[in-house]
Amino acid sequence: MIDKTYQPSQVEGRIYQAWEKAGAFRAGRPERAGAKPYSIVIPPPNVTGSLHMGHALNSTLQDILARFERMRGRDVLWQPGTDHAGIATQMVVERQLMERQQPGRRKMGRAEFLKRVWAWKEESGGTIINQLKRLGASCDWSRERFTMDEGLSRAVLKVFVDLYREGLIYKDKRLVNWDPKLLTAISDLEVVQVETRGHLWHLRYPLEGKTFDPADPSTFIVVATTRPETMLGDTAVAVHPDDERYKKLVGQNVILPLVGRKIPIIADDYSDPEKGSGAVKITPAHDFNDFEVGKRHNLPQVNVLTVEAKITFADEAFAGQGGADFAETKKLEGTDRFAARKQIVARLEEKSLIDKIEPHGHVVPHGDRSNVVIEPFLTDQWYVNARELAKPAIAAVRDGKTTFIPKNWETTYFNWMENIQPWCISRQLWWGHQIPAWYGPDGKVFVALTETEAQAAAEKHYGKATPLTRDEDVLDTWFSSALWPFSTLGWPDRTPELSRFYPTSALVTGFDIIFFWVARMMMMGLYFMKEVPFQDVYIHRLVRDASGAKMSKSKGNVVDPLGVIDQYGADALRFTLARNVAPGHDIRLGPPDVENNRNFATKLWNAARFAEMNEAASVAGFDPKAAKETLNRWIAHETAKAAREITEAIESYKFSEAAGAAYRFVWNIYCDWYLELAKPVLLGADGAAKTETRAMMCWARDEILKILHPFMPFITEELWGVTAKRDALLAVSQWPKLEGLADDKADAEIGWVIDLVTAIRSVRAEMNINANIPLVLAGGSAASKTAERWAEFIKRLARVSEISSATSAPQGSVQLVVRGEVAALPLKGVIDLAAERARLDKEMAKADADIKRVDAKLSNEKFVANAKEEIVEEEKEKREEAAARKAKIAEALERLKGV
RNA sequence: GGGCGCGUAGCUCAGCGGAAGAGCACCUCCUUGACAUGGAGGGGGUCACAGGUUCGAUCCCUGUCGCGCCCACCA
């Protein structure tokens, strides 16, 4: 017995357990040994995170693909796992320590802190996995991996060591994006540019050998800056070589105010005469462009900031610096950069060294995690030669070995890859993969898989056993994620899984991590596996709230997928996401959408109940091709059509088309027409027809459960189980392969019935007729024969009292033209003749318009000459149809006159 | 500055060379024995604007106006 209502919360858990118990999601099931493999790796969520709508969308789409291909018989691996998320996780644990007023990480030390992080990972690591299960994700959980588990860590070390040995990883001292709050370097991608309204300070730098006079511009040069505090580290002033204003100053020196250092005026193309004053201060240690200028001109790099972005004078450039001015300046030691900015500006102002201050809008780099202003900072870091690794990654996409869907993301990919910069991979954090590099007493570096190997190398190098210290830094989280498609399959070991499931079939991910993740997987996959990591990359966008706003904790508009699942069921959420996903667009998610799809689930449930109440049950071995009843042949035809449509849509990643087609088929074809038309049969006396209809009803229902299963796995599995004794779970049953069911005759006949019923209903509603009314088929004997066959159906669905035929429509009746036949409703006295005439006039006008439009085309010689033959043929048919229709309407109007 | 995309029914969006579509909302009717989380019917759009290509343009091209997003840029 099917329950009266479907209650997702009471079903979903049980169903998921059944899948797991049956091992339905396991890759490499023996019976599929000969099957083609299909694999997807999940974008690993943060291990200590929880499921948000983005995950829900991402996972739903992957699950649709995984379940679809599984049902199509492929050996499916949906590889799950989680990411250690270096900075994010470390920040969470540090915040916890603070909240609990426990000692900070530095105080407790690395080992103890890491113990805490692992404890937190153990505690919360299962959350998101369970949440993915609640969504219905059919991952092979037996293969779950974690980026810091033993195997993956081994892969990370090997990749680092191999790339180092090939010269593709190297250590370099250059400017990095330094986060003064998190006290670590970060990569370019982790920097966000924030529009800021600031100021442009124009500073006067006195020329050497002249007495500074604020009233005499020949005694100084003006430089403009947005960061006055960096002036302490200036080592030159640059002007454009062609700038006539400054040409004669090149080669002279200025005396750096507040410091007293003598610095040269140099000529460099970098200086833009249009910007600021045309002369620019050069601070190689604190600006990326200046760093390059400094290298070209061999300028010293004077650092004036500590790692915490406080002023420091530790740089040797300040060592010999004397003078009262500098003595005063030295008091800034330890002052925060922004406080120092104010003080420096005030002092310059006192000395008339500020030329002017302009308001200035510009973008300022911020750390994406810390949200503080990033400082370009001169440090030793590890880099990956991304330019080199990008080459094959670019070629692979160009050659179509990997395809993006939608295709235009490839442009974005190329743009970035072709301008890729060295990837800074070292982080001054503790949570992550510690870099396998050891240093000798003289700073000599030994990179090796293990400390023992490093020791051995050191001994060889120094000629004796030498103590080494390990590099303290860890690797960027994305370094390990970049290996995900092969590290999860057991690499560097040559596992059977690796050869079977790599390259993976599809990757489904958000556009926001194309650079962070997709590009880097391409680089690493191609380098280490010599093959692309995935064939297709399906890129989706954001899930927004109902009003189109980005969901964010601070705005408080975050819709929790678990809450939606609790309220409406996982299927409703999944179906909503699938129906609304459109390539190139964000999704708006509002409660009405989810409700609508919950209603759809209810509809499906009740359709199944209907069959059960009519004693219909699946018939083993039932062959839809053998059906005799037109109605049944029709629904078989429609089912095959829908299945084909849905199959093709999923194959081409058109999720919303697939879901939409399923929705329309189930609701508007199967429920609205087939079940309604079946009612008279089920209540009738024809035993054979009844038997066949019952069987067909359940056959079609079973096909429906299959085609809906990738989208709505829970309710379909539940109905599958509850409607019949089955050999296997729906999740591992066979996807419909329906051939030989097309039936144009049945299609035409049922189409006529549907049109007739619809036309009658329309008239009834328009004319407000509640009572059952008679129907007269006029003219065509074919029509009356068809009507005779379908009399009961028409009577029931259109609420017709009796059906008769006549040579022409009775006087004063409403006359409908249905596919060229006239159907009359003798309603003399009931209807308003004027209204009926008006209705017919309107129809007539439409027919005339149709004819006119087609005639315009057909009488156009160029159209007939240029248009495709079948188009011209179509137009001619339209012409005929419209003309015939017009004639019938004209007759109808004529008959009306006689009343 | 470079790139990508979007402007179609009140709202959210499909369609993207041959007669304008869906869901929601709205209006009317219906407690008919699967379902009121339902059924039936209906109103509503010069497909942003201006040119062009074409026998034919919502769909292709160019421009304009709006609106997003990504990358680069701390003078």
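The model shown is predicted, which means the values in this text are computed figures rather than measured ones. Convention: sequence-line order gives letters A, B, ...; per-chain numbering from 1.
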Ring pair (Phe, Tyr, Trp, His ring centres under 6.0 Å) partners for Tyr653(A), two or more places apart: Tyr538(A)
Inter- and intrachain pairs under salt bridge (Lys or Arg N to Asp or Glu O under 4.0 Å), touching residues 591-617 of chain A, at least two apart: Glu615(A)-Arg694(A)
Whole-Å C1' distance, C49(B) and G66(B): 11 Å
Show each protein N/O and nucleotides 53-56 of chain B N/O combination with a separation under 3.5 Å, one pair to a line.
{"unit_1": "C55(B)", "atom_1": "OP1", "unit_2": "Asn866(A)", "atom_2": "ND2", "d": "3.1"}
{"unit_1": "C55(B)", "atom_1": "O2'", "unit_2": "Asn860(A)", "atom_2": "ND2", "d": "2.7"}

Length of the CG-C1' vector between Asn606(A) and G39(B), whole Å: 13 Å
Nucleic acid contacts - residues 194-204 of chain A versus RNA chain B, non-hydrogen atoms under 4.0 Å: Leu200(A)
Glu843(A)/Lys846(A) salt bridge by N-O under 4.0 Å criterion: no
Electrostatic pair Glu836(A):Arg839(A) at N-O distance under 4.0 angstrom: yes
Atom pair distance, as rounded to whole Å: CD1 in Ile539(A) and P in C4(B): 17 Å
For RNA chain B, the dot-bracket pattern of Watson-Crick and G-U pairs whose distances stay under 3.5 Å, | for other-strand partners: ((((((((.[[[[.)..(..]]]].(((((.......))))).....[[[[[..)....]]]]])))))))....
Six-ring centre of Phe711(A), Arg574(A) cation under 6.0 angstrom, axis tolerance 45°: no
Salt bridge (Lys or Arg N to Asp or Glu O under 4.0 Å) against Asp179(A), all qualifying residues, sequence neighbours excluded: none
Pair Lys679(A) + Glu676(A): basic N to acidic O under 4.0 Å: yes
Closest to the Asn415(A) side chain, choosing from G3(B), C73(B), A34(B): G3(B)
Rounded distance in Å - NZ (Lys603(A)) to C1' (G39(B)): 7 Å
Under the side chain to side chain contact (heavy atoms under 4.5 Å, CB included) test, residues paired with Glu358(A) that sit two or more places apart: Leu200(A), His202(A), Lys356(A)
Integer angstrom distance from the P of G41(B) to that of U54(B): 45 Å
Listed nucleotide nearest any side-chain atom of Asn408(A), set C4(B), A75(B), A34(B): C4(B)
Rounded P spacing from C59(B) to U8(B) in Å: 13 Å
C11(B) and C16(B), which share atom name P, separated by this distance in whole Å: 23 Å
Contacts of Arg761(A) that satisfy salt bridge (Lys or Arg N to Asp or Glu O under 4.0 Å) - sequence neighbours left out: none
d(CZ, Arg579(A); C1', U12(B)) in whole Å: 12 Å
Interatomic distance, Asn599(A) CG vs A36(B) P [rounded to whole Å]: 11 Å
Base U12(B) to side chain Arg588(A), donor-acceptor N/O within 3.5 Å cut-off: no
Between the protein and nucleotides 40-43 of chain B, which nitrogen or oxygen pairs come in under 3.5 angstrom?
{"unit_1": "G41(B)", "atom_1": "O3'", "unit_2": "Ser762(A)", "atom_2": "OG", "d": "3.4"}
{"unit_1": "G42(B)", "atom_1": "OP1", "unit_2": "Ser762(A)", "atom_2": "OG", "d": "3.2"}

Write down the protein N/O and nucleotide N/O pairs, taken from nucleotides 67-70 of chain B, whose separation is under 3.5 Å; answer none if there are no such pairs.
none

G63(B) versus A25(B) - spacing of their C1' atoms, nearest Å: 37 Å
Results of salt bridge (Lys or Arg N to Asp or Glu O under 4.0 Å) for Arg341(A) - residues two or more places apart only: Glu229(A)
d(OH, Tyr674(A); P, A34(B)) in whole Å: 15 Å
Spacing between Arg227(A) atom CZ and C73(B) atom C1', to the nearest angstrom: 13 Å
Atom-pair distance (CE on Met613(A); P on C35(B)), nearest Å: 6 Å
Selection residues 189-204 of chain A - residue pairs positive for salt bridge (Lys or Arg N to Asp or Glu O under 4.0 Å), sequence neighbours left out: Glu190(A)-Arg427(A), Arg204(A)-Asp355(A)
